[in-house]
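Everything on this sheet refers to the single structure shown next.
Because only heavy atoms are used, hydrogens play no part in the values below, and waters and symmetry mates are left out as well, while side chains stay in.
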Amino acid sequence: MRIGLFGGVTATVGGETVDVGPAKCQTVLAVLALSAGSVVPVPRLVELVWGDDPPRTAEKTVQSYVVRLRKALGPDSIVRTGAGYRLAVAADAVDVARFRRRLDVGDVQAALAEWTGTPLAGLDAHALTPMVDGLVEQWLGAVEADLERRVGTDVQAAVGPLTELTACHPLREGLWALLMTALYRVGRQADALAAYQKARRHLVEELGIEPGPRLRDLESLILGHDERLRGSGHRVLPLGDGAGNLPVRLGRLIGRDEDLGVVAGVLAESPVVTLVGPGGIGKTRLALAAAQMSGAAAWLVELADIASPGDVPRVVADTLEVEESSGRTLTQSIVVALRSRAALLVLDNCEHVIDGAAELAHAVAERCPSVRVLATSREPLGIGGEQLVEVAPLDPAGPGAELFNERARAVSLTFDPQAHRDDVEEICRRLDGVPLAIELAAARTRSLAPPDLVARLGAPLRLLTGGRRTSAERHRTLRATIDWSYDLLTRPQQVLFQRLSIFAGPFDLAAAGSVAAGADIDDLLGDLVDKSMLVAESGPFGRRFRLLESIRELAAEHLAEEGQTGLIAERHARWCRDSVADIHRLLVGPAEIEGVARLGQLWPNLRAAFDRACAAGDREAADALVRPVAAEVNLRKQSEISDWAERILAITPADDEEQIVYWLAWAAYRAMQSGDHDGYERLVRRHGRPDHPLIRYTRAYLYEDGEAQRESAAEAVAWLRRIGEDHAAALTEIAGVASGLLSVGRFEELDGFVPALVDRYRVQGPPTFLCLSLAMLGYSALLQGDADRADRFFDESASVAVPHRTVSVGKPMEARSAFRRGDRPGAFRILRSYVEELLETDYTDVARIAAVEFVNMMAAIGRLRDAARVLDYLATTGDFGALALRTLVADAAGQIAAGVVQPGQKFDARQALEYMRDVLAALR
């Protein structure tokens with residue numbers, strides 16, 4: 001298989017061109033091909049295909065495009081991995097990858113041979129524009145390098161291509177300089193001067209600027225018939241006092257194509273551009289690549305080895321070979337030397353001499369119109385006209401893994417990226433996608449396999465030592481890199497930085513204030529963000545902050561050294577308890593959606609506080625952290641709560657019946673998902689209380705015994721209300737009382753009981769309880785043969801907005817309705833989508849609802865064997881399954897029996913869902 005992205009998106013399989021679908025489908029293929037071999041998360045795919053305004057069904061549409069592409073390219077061409085997709089081809093199967101690799105090794109002509117037109121031509125994919133612009137810039141740089149060689153060796157042949165290129169790219173002064181030189185060398189002096197005038201006209205009319213020093217000097221040399229224009233080799237004169245001092249070979253820059261496009265854009269508009277980010281994030285490497293791509297005479301000034309801001313002008317002067325002039329300061333002498341030149345000045349590692357770097361950059365920007373300053377720093381220079389570009393971590397599942405694999409192969413010829421793909425992605429995720437940390441980790445594969453690295457990454461600062469001998473000393477270890485930044489903080493900044501290490505995930509301003517009591521945090525937080533020690537980002541509820549894990553570890557070490565960990569941990573636990581109590585108030589009312597979103601944001605910090613409470617044996621603190629959100633294990637399948645329940649039980653005294661019974665109930669949900677009923681029975685016997693009403697109800701729920709569930713639920717509800725657990729009691733009314741009545745066919749009682757719940761939840765919330773109550777009434781009507789009334793209840797249930805991860809109860813009915821109307825493809829699509837949702841969210845305990853519709857549809861289209869296999873599973877689902885066999889699928893069961901169809905292998909819930917998914921996919 002070969003993928004072409006130049007000149008449009010194409011694919012060939014076995015030498016034959018295949019149809020890769022409409023424009024959006026082509027865009028999906030392009031995104032995957034640009035990260036060939038690496039996983040692209042579905043949200044990232046959606047963002048790149050549709051930009052900032054994707055349709056509501058974008059993720060499902062992506063799924064359909066992948067199905068279409070698999071048909072064209074082969075069933076194994078695109079692999080689903082977790083929450084993303086991976087194009088399973090070698091990088092060299094993609095023309096863009098071959099182009100980049102050949103440029104990286106300096107084979108310009110081979111790279112140019114790959115270029116067959118503008119990347120992604122014909123696609124309207126604005127989110128990919130920076131990548132396209134970056135590729136075009138790389139191509140133009142390669143073209144200029146190749147034509148410069150040809151001007152020195154075969155000047156006549158270079159005139160035609162240069163004439164065409166200057167017409168297409170009239171603002172690139174480098175191309176005009178080559179054309180003027182080539183025309184002069186073939187004896188066309190007048191045409192060379194006319195070319196200068198044409199270039200000047202474009203620059204003046206379109207940008208309002210005069211040609212730079214390079215073109216002006218070249219015009220003077222042509223007018224003076226300067227002998228240097230005859231050339232003695234490949235270099236085209238004039239280049240001022242030199243072409244800069246960038247390293248000749250920079251190696252491959254991974255995962256920064258969009259960043260390169262951004263930097264190129266802001267350099268064209270701003271006199272000073274500063275790349276900001278934490279240590280090891282790749283600012284220097286990006287700056288050098290951007291400088292190389294710019295085509296300007298670029299000078300790298302390394303500031304890391306000086307200690308005083310006053311030394312900045314001296315280092316710059318030494319790099320540019322500028323002497324201090326009589327009557328002028330060194331900065332003034334630099335300005336005079338640069339004033340008539342077009343150049344790019346790269347000031348690297350400015351953070352520790354920020355005042356000196358800012359002063360010099362300001363002077364150059366003010367008085368040298370053709371010079372750009374590109375700085376790298378952990379904080380802004382803070383001068384007028386400065387444009388900031390934040391350098392972000394690499395995506396762990398894409399470029400991060402690619403970087404790790406490349407560096408690992410460099411130190412170990414036996415390293416197999418495919419064999420270690422999951423471990424490599426986990427390593428990169430734990431290292432926050434920081435390139436330096438990834439490179440240092442990859443270097444350890446000489447002695448440690450990736451699984452061993454994962455096991456040791458609890459302390460990355462101690463693990464990640466070493467590095468290339470050519471690296472700056474501060475980059476030889478991750479610790480040295482972070483220490484470099486920590487030492488530059490003021491004492492108040494260091495104190496706040498230490499205290500913030502207690503957070504295990506994002507936090508807001510109020511949270512920071514709760515652990516840094518007494519500190520004036522507003523300005524200090526801003527300082528830490530400016531110095532790239534703290535990441536600020538937009539969250540669903542406003543601005544939030546977080547520490548990269550490696551940075552957090554160093555801050556935690558300093559906190560421990562000062563004996564403050566216990567005190568700050570207490571403050572953090574208090575904040576978590578207050579937060580989770582606030583979230584509970586949202587979860588039980590109309591604002592449930594906000595409560596679920598806030599809980600998702602709190603979760604890493606909640607986990608950390610809970611772990612500390614359990615480690616200290618503080619069961620009261622552990623209970624207070626989890627009890628307010630315990631019901632989420634049932635409502636949104638937060639299965640970790642079941643694990644937490646068992647951990648609380650392990651530190652609870654045997655005589656605390658209330659707490660033991662309460663947490664035994666929530667521990668059951670993991671057993672329900674895994675089918676480990678024996679494991680739950682052992683847990684109950686270990687802690688006692690098997691005859692308590694709540695445990696009897698929980699066991700009935702676990703075994704899908706509708707009659708026992710109905711009999712025990714009311715007593716369980718009453719007990720929960722007595723201990724103040726009204727939310728859990730309300731959930732038990734729906735999942736126990738109402739569901740039990742439905743399962744055993746006591747429809748009249750259900751229809752008399754549930755409407756009061758509906759009225760209550762319409763007014764008081766939460767929306768999920770309203771949605772579930774309406775669905776109960778819908779199933780009651782359906783089982784009684786009143787399809788119209790059922791549809792009304794299901795329609796209202798589907799219209800209720802519920803939180804993310806709340807399983808839909810209306811989708812099977814939507815599929816049933818489509819099938820009845822004759823829209824069989826639509827019905828299969830809806831039901832398959834629902835089945836995939838259950839598999840992805842692990843809601844396997846409601847597989848029986850999907851099974852009912854699947855059995856009826858398959859029987860109706862004559863696929864009796866498929867229907868029989870799932871009917872056999874449905875018969876194992878307790879009282880509901882038995883009721884469904886008598887009513888909802890009775891006709892289908894009769895057809896199967898008459899056809900004497902043998903069902904075959906017995907399915908559990910997950911196997912049944914997987915089987916339904918595969919059959920429905922084949923039908924589509």
Side-chain angles (χ1 to χ4, degrees), residues 108-109 112-113 115 117-118 136-244 264 267-268 292-298 336-344 368-372:
V108 172
Q109 289 177 291
L112 291 175
W115 188 279
T118 303
V136 171
E137 283 292 331
Q138 287 179 297
W139 173 70
L140 285 170
V143 167
E144 285 191 34
D146 183 60
L147 286 170
E148 185 170 346
R149 176 190 60 80
R150 291 165 65 182
V151 168
T153 58
D154 187 6
V155 65
Q156 188 71 53
V159 172
L162 282 166
T163 302
E164 181 179 350
L165 282 166
T166 51
C168 294
H169 305 278
L171 304 181
R172 290 185 72 91
E173 295 189 41
L175 290 173
W176 286 109
L178 288 171
L179 178 59
M180 290 165 64
T181 304
L183 289 169
Y184 181 83
R185 287 184 179 176
V186 297
R188 296 168 58 183
Q189 177 185 0
D191 289 337
L193 293 171
Y196 173 79
Q197 293 301 328
K198 188 179 293 186
R200 179 181 180 277
R201 186 165 61 253
H202 281 295
L203 292 167
V204 170
E205 291 178 357
E206 296 183 39
L207 299 179
I209 61 173
E210 290 288 337
R214 182 180 181 185
L215 286 185
R216 295 200 303 271
D217 291 348
L218 185 54
E219 182 198 30
S220 298
L221 292 172
I222 291 171
L223 289 169
H225 299 280
D226 195 294
E227 284 299 316
R228 285 177 290 174
L229 284 178
R230 295 296 171 191
S232 57
H234 301 168
R235 177 59 64 194
V236 177
L237 295 177
L239 292 175
D241 296 325
L267 274 174
Q292 190 178 61
M293 193 177 76
S294 71
V336 169
L338 290 174
R339 187 178 294 157
S340 61
R341 296 168 58 183
L344 176 63
C368 304
S370 297
V371 178
R372 293 287 188 268

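- Across Ala192 and Ile222, no two heavy atoms sit closer than the pair CB-CD1, 3.9 Å.
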Determine, step by step, whether Arg172 and Glu144 satisfy the salt bridge (Lys or Arg N to Asp or Glu O under 4.0 Å) criterion, reporting the C-alpha distance in whole Å, the side-chain angles of both residues, the deciding distance to 0.1 Å, and the verdict.
CA-CA 10 Å; Arg172 290 185 72 91; Glu144 285 191 34; 3.0 Å; yes

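- To the nearest 0.5 Å, atoms CD (Gln197) and NE2 (His202) are separated by 12.0 Å.
- Counting heavy atoms from C-beta outward, Met180 and Leu215 have side chains that approach closer than 4.5 Å.
- In plain terms, the two heavy atoms of Pro161 and Leu147 that are nearest each other are CB-CD2, 4.0 Å.
- Counting only heavy atoms from C-beta outward, the side chains of Thr166 and Lys198 never approach each other to under 4.5 Å.
- For the pair Ala268 and Arg372, the tightest heavy-atom approach, listed with the atom from each and the gap, is O-NH2, 3.6 Å.
- Here the straight-line distance linking atom CD of Gln189 with atom CG of Asp191 works out to 10.0 Å at 0.5 Å rounding.
- The line from CG of Leu140 to CH2 of Trp115 is 7.5 Å long, rounded to the nearest 0.5 Å.
- Not a single donor-acceptor pair under 3.5 Å links the side chain of Trp176 to the backbone N or O of Tyr196.
- Rounded to the nearest 0.5 angstrom, Ser370 OG and Leu344 CG are separated by 12.5 Å.
- In terms of heavy-atom proximity, Ala182 sits nearest to Val151 at CB-CG2, 4.1 Å.
- Between Ala157 and Arg150, the shortest heavy-atom distance links the atoms O-NH2, 3.3 Å.
- Below 30°, between 30° and 60°, or above 60°: for Tyr184 and His225 the angle between ring planes is between 30° and 60°, a tilted geometry.
- In this structure, Val159 and Leu179 approach most closely via the heavy-atom pair O-CD1, 4.0 Å.
- Annotation: side chain of Leu178 is not in contact with side chain of Leu165 (no heavy-atom distance under 4.5 Å).
- Looking only at side-chain heavy atoms (C-beta outward), Glu210 and Leu203 stay at 4.5 Å or farther from each other.
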